[in-house]
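Structure first, then comments.
Note on naming: letters A, B, ... go to the chains in the order of the sequence lines (proteins, then strands), and numbering restarts at 1 for each one.
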Protein chains: 2
Amino acid sequence: MRRMTARPENVHQARILRLLRTDGPRSRAELGDVVALSRSKIALELDRLAALGLVRSDGFAASRGGRRSEIVRLAANLRFLGVDIGATSVDVAVTNGELEVLGHLSRPADVRDGPTAVLDQVLEMVAKLRADGVVTEVHGAGIGVPGPVSLRDGTPIAPPIMPGWDRYPVREAMSQELGCPVLVNNDVNMMALGELHAGLARSAEDFLLVKIGTGIGCGIIVRGEIYSGVSGSAGDIGHIRVDDHGPVCACGNSGCLEAYFGGAALARDALAAARSGRSPFLAERLAEKSALTAEDVGAAAAAGDAHAVGMVREGGRKVGTVLAGLVNFFNPGLVVISGGVAGLGHALLAEIRSVVYQRSLPLATGNLPIVLSDLGGTAGVIGAARLVSDHVFSA
Amino acid sequence: MRRMTARPENVHQARILRLLRTDGPRSRAELGDVVALSRSKIALELDRLAALGLVRSDGFAASRGGRRSEIVRLAANLRFLGVDIGATSVDVAVTNGELEVLGHLSRPADVRDGPTAVLDQVLEMVAKLRADGVVTEVHGAGIGVPGPVSLRDGTPIAPPIMPGWDRYPVREAMSQELGCPVLVNNDVNMMALGELHAGLARSAEDFLLVKIGTGIGCGIIVRGEIYSGVSGSAGDIGHIRVDDHGPVCACGNSGCLEAYFGGAALARDALAAARSGRSPFLAERLAEKSALTAEDVGAAAAAGDAHAVGMVREGGRKVGTVLAGLVNFFNPGLVVISGGVAGLGHALLAEIRSVVYQRSLPLATGNLPIVLSDLGGTAGVIGAARLVSDHVFSA
DNA sequence: GTACTTCCTTCTTCGGGAGGACAAAGTTGG
DNA sequence: CCAACTTTGTCCTCCCGAAGAAGGAAGTAC
């Protein structure tokens, strides 16, 4: 039999927990002010939360002219798992209650190996983190997968790049294995949630996270929550048409954004540029490695290779074109660019900005920051942990 | 001094009112079941609501084997005003508490005449409805305007086609004049709310309303509520790029959707088709009227004029192309096509459907109805009334 | 050491809401 | 036409959650 970890008993406890998670340790008095409850009530609920093992005392603050206030914080042994299953890699992180990353493992992995193989890999990584001692009492795990997900069931639904995963009961299986609540969602949505929690989007209500990696996707946050659409496929912008007469895409149509500027497209164009000699840098790389990836294009552009810079520019223009339309439609308060290709850096960003600011309506762009993510590879795992902690910290 | 009409005193009363509004009259027992409150509590709150003049008894239902249940419904004299200010016309409607339209006036009007002229027109129409006797106790008025709106202030914000309206205090002024709460929002959002309340979108959580009229706009409903974006300009899809080398748009860019298929664009193309003799039907019309509008194109297409049908088809393709991208991004559960040009009917709809179903992802289109609105011209006014009733019927 | 601040806890009080008992108003069947 | 049963509505009591007062605890300032 599986011992369930404690959860809040009412909405007040849930509010207190979320507050301690997001804003860090607080005194009882401050909590009363923020939660708008009487001190006696706060004290009562804190006692109960302490009895549940969810919060603890953390010493006393310096006096402000009177009795020192007792600082309350989330229990020390509270742990969440954040799992980010990408197309070509798996990340697993352990966080404390405040969602600070205590341990993080990243391994290359091919999602096409199917759910059992990949999820076994995940469990192995969790076991390794457990051996390191950072995993204590796991209160929940969030799992991001590179495809649409049925939120009701926690299963991938007809994911294009995940053969064998269709309707595989990820939530069910992992909840069984890990012995804790598990939530599954799209990886890009998770990254957006990560940006909302710990990244540049902390004060944003409505924003977009554009991830440019193997594929191109978009996480959508509406009123501070993930928006997934009715089938869980919202944000799938990789197959928006950029041009009628573009390259043929894996989806069957032609001129898709992804066919211009996804990881595969970039590798393809890099190869062509190397072979034709238009890019000496890439040609040299090809000679060394016998294959080229998007990273090589980034390196070439960083090294000043004119053709590679042109490729990045051109890609930025395509992304910007699509994004300009989405900005008109969605009117976000912020756009965060993320993903492997985001490493291409400011040449890419500059081009995207230029197109969006020119092509979108002034009112929508008037106060619209377009920025590169500063979370590195941790946005996904933090977002996954955040999602499940939202769930666990709810009445 | 202005006498304020009654409003609910707590959340239970608010819930009861919204239930009676949307689902119609109910017995006390049924209310108790749906609202999940004890009968005594329901009775108490209903007494209070009756004392406030917000609900009334409406006779007894047939017995179901025991004591007959007393039917409760919204007060008979409850009235909301729905105002839809379009680019070229003004609609004003009076509804009862259930948002059934009791009176409706529509007049041509040019929004460019400025706020005072247009709003005076509105007040005149309200006075006329008042004279007809259908306006009794007005509990609120919703006003839709053809441009972005600051929801906080209830004022238009830098509206492109509403010169003189920028930051004009519409809510303030009209609230003063009408002596009731006033809410202002974008007209297309109002139409979407109308579809949600009384149209084909009644069971939809997330859907889009595409309005093709003088301009082209999109109302966005997320989780049953209007989504307006951070500046109130969300849904402004008329200036999404369709093609690089398209006609120049009023916004300064070229290839905007609106420049291809808005009312003005259609009139322009109709004129060209008539003059060049490519459309005999339109040429004849031009000789009669000396000017052509989008309606003439509709008439020509309905009459089987080949060139006009081609124009509609081509326009449908452009709209479909943009919509396909939005469907990928937003993954709605329904798309409603509305507006004057929607009168072009099934040729337009067929073309839009064809493009969307071909260009969007199967998962997003798998169960996506794309339909023409069946609310005629009333969606806007009903939605406006609905918005303000949501507000008035809240604690 | 005394006055003042700030913080926490205990006790009392208040009110919202549930739920049972009961009354009212039907139907059904003998 | 009356008794038994059903459904609905109302009255009354009890319980619990939460606020707020009062008082104790712990510090600072002078």
Side-chain angles (χ1 to χ4, degrees), chain A residues 6-20 23-52 54-75 393-395, chain B residues 6-20 23-52 54-75 393-395:
Chain A
R7 293 189 50 176
E9 299 161 336
N10 58 45
V11 287
H12 302 311
Q13 293 185 6
R15 281 194 65 190
I16 291 170
L17 289 174
R18 285 200 297 269
L19 206 98
L20 291 176
D23 296 359
R26 281 290 161 99
S27 78
R28 296 162 108 86
E30 279 178 307
L31 277 175
D33 292 347
V34 179
V35 186
L37 285 173
S38 65
R39 292 220 174 146
S40 45
K41 183 65 183 162
I42 289 283
L44 176 66
E45 297 299 353
L46 284 178
D47 285 351
R48 289 180 182 163
L49 283 172
L52 291 171
L54 289 171
V55 305
R56 60 175 161 142
S57 172
D58 189 36
F60 294 88
S63 167
R64 293 190 300 169
R67 178 173 172 174
R68 292 172 306 176
S69 52
E70 191 186 1
I71 300 298
V72 177
R73 67 184 309 168
L74 293 174
F393 287 169
S394 70
Chain B
R7 293 190 49 174
E9 297 162 336
N10 59 45
V11 286
H12 302 309
Q13 294 184 4
R15 281 194 65 192
I16 291 171
L17 289 175
R18 284 200 297 267
L19 205 97
L20 292 176
D23 296 359
R26 281 289 162 98
S27 78
R28 295 162 108 87
E30 280 178 306
L31 277 175
D33 293 346
V34 179
V35 185
L37 285 173
S38 65
R39 294 220 174 143
S40 45
K41 183 65 182 160
I42 290 283
L44 177 65
E45 298 299 354
L46 283 178
D47 284 352
R48 288 180 182 162
L49 283 172
L52 290 171
L54 288 172
V55 305
R56 60 174 160 145
S57 172
D58 190 34
F60 294 88
S63 166
R64 292 189 303 170
R67 177 174 172 173
R68 292 173 306 176
S69 52
E70 190 187 2
I71 299 300
V72 177
R73 67 184 307 167
L74 293 173
F393 289 169
S394 71

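Contact annotation: Arg64(B) side-chain N/O to dT8(D) OP1/OP2 distance is under 4.0 Å. Look at Arg68(A) and you'll find a side-chain N or O under 4.0 angstrom from OP1 or OP2 of dG27(D). Close to dA18(D), at under 4.0 Å from its OP1 or OP2, lies a side-chain N or O of His12(A). Side-chain N/O atoms of Ser38(A) include one lying less than 4.0 angstrom from OP1 or OP2 on dA19(D). Neither OP1 nor OP2 of dT7(D) sits under 4.0 Å from any side-chain N or O of Arg28(B).
Residues Arg48(A) and Gly66(A) each lie close to DNA chain D; by heavy-atom proximity, the contact nearer the 5' end of the strand is made by Arg48(A). Between Ser69(A) and Ser63(B), it is Ser69(A) whose nearest contact on DNA chain C lies nearer the 5' terminus. Ranked by how close their nearest DNA chain D nucleotide is to the 5' end, Gly65(A) and Lys41(A) are led by Lys41(A).
Residues Lys41(A) and Val35(A) are not in side-chain contact: their nearest non-hydrogen atoms beyond the backbone lie 4.5 Å or more apart.
For Arg56(A), the CZ atom sits in a packed shell: over 12 heavy atoms of surrounding residues, nucleotides or ligands are nearer than 6.0 Å.
The nearest whole Å value for the distance from the CG atom in Leu31(A) to the C1' atom in dC8(C) is 13 Å. Between the P atom of dA19(D) and the CD atom of Glu45(A) lies a distance of 10 Å, rounded to the nearest Å. The distance from atom CG of Asp33(A) to atom P of dC7(C) is 9 Å, rounded to the nearest whole Å. Whole-Å rounding puts the Glu9(B) CD to dG16(C) P distance at 11 Å. Between the CD atom of Glu70(A) and the C1' atom of dG27(D) there is a distance of 15 Å, given to the nearest Å. Here dG19(C) presents its P atom at 13 Å from CZ of Arg39(B), a figure rounded to the nearest Å. Summarising the geometry, the separation between CZ on Phe60(A) and P on dT6(C) is reported as 18 Å, rounded to the nearest angstrom. A straight line from CG of Leu44(A) to P of dC7(C) spans 20 Å, rounded to a whole angstrom.
Residue Ser40(B) is classed as a base contact, given a heavy-atom separation below 4.0 Å to a base. Within 4.0 Å of Leu37(A), counting heavy atoms only, lie sugar-phosphate atoms of the nucleic acid but no base atom.
Here NE2 of His12(B) is found 8.5 Å from CD1 of Ile42(B). Values are rounded to the nearest 0.5 Å.
Evaluation of atom-type donor-acceptor distances gives a pair under 3.5 Å for the side chain of Arg67(B) against the base of dT8(D).
Between Leu49(A) and the options Leu54(A), Leu74(A), Leu20(A), a side-chain contact (heavy atoms from CB on, under 4.5 Å) holds for only Leu54(A).
Side-chain N or O atoms of Glu30(A) include none that pairs as donor or acceptor with a backbone N or O of Arg26(A) at under 3.5 Å.
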